[in-house]
Amino acid sequence: MAITDCDMAGVLTAYLERYPQEAGQLAEPLRLLAEGRGFASRRTFPMHVTAGALLVRDHAEVLLTEHLAYGITLQPGGSS
């Protein structure tokens, strides 16, 4: 499921409701998100957003995947 700029702005807004003292640090990302340029895409600069996950089963097993482009093993995640 693709993440949207609206999704990211909603998360940042909720975060700032809890931590309003960090508004200055997040002003630029919020401004850029408001432009609707698709920050989940790698083609978007000056920044883009990705997400990762660490899946653990029975406190012993961790799910990892092979990154096809880099040829290394990583936790699942990334951008669309």
Taking Met8 as the starting point, is it possible to reach Tyr15 by hopping between hydrophobic residues whose side chains are less than 4.5 Å apart?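 Hydrophobic grouping puts Tyr15 with Met8.
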Val11-Leu16 co-clustered via ILVMFWY side chain contacts under 4.5 Å: no
Would you check if Leu32 and Asp5 make a side-chain contact, meaning some heavy-atom pair closer than 4.5 Å? no
Counting only heavy atoms not in Arg31, do more than 12 sit closer than 6.0 Å to its CZ atom? yes
If the test is side chain to side chain contact (heavy atoms under 4.5 Å, CB included), which one of Thr73, Ile72, Leu55 qualifies with Leu64? Thr73
Any pair with a residue in residues 10-24 that passes salt bridge (charged side-chain N to carboxylate O under 4.0 Å, His left out), sequence neighbours left out, goes on the list, sorted by first then second residue, please.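 Matches after skipping sequence neighbours: none remain.
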Shortest non-hydrogen contact from Val56 to Ala60?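 In this case the closest contact between Val56 and Ala60 is CG1-N, 4.3 Å.
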To check you understand the geometry: which heavy-atom pair defines the closest contact between Pro29 and Leu12, and what is its length? CB-CD1, 4.4 Å
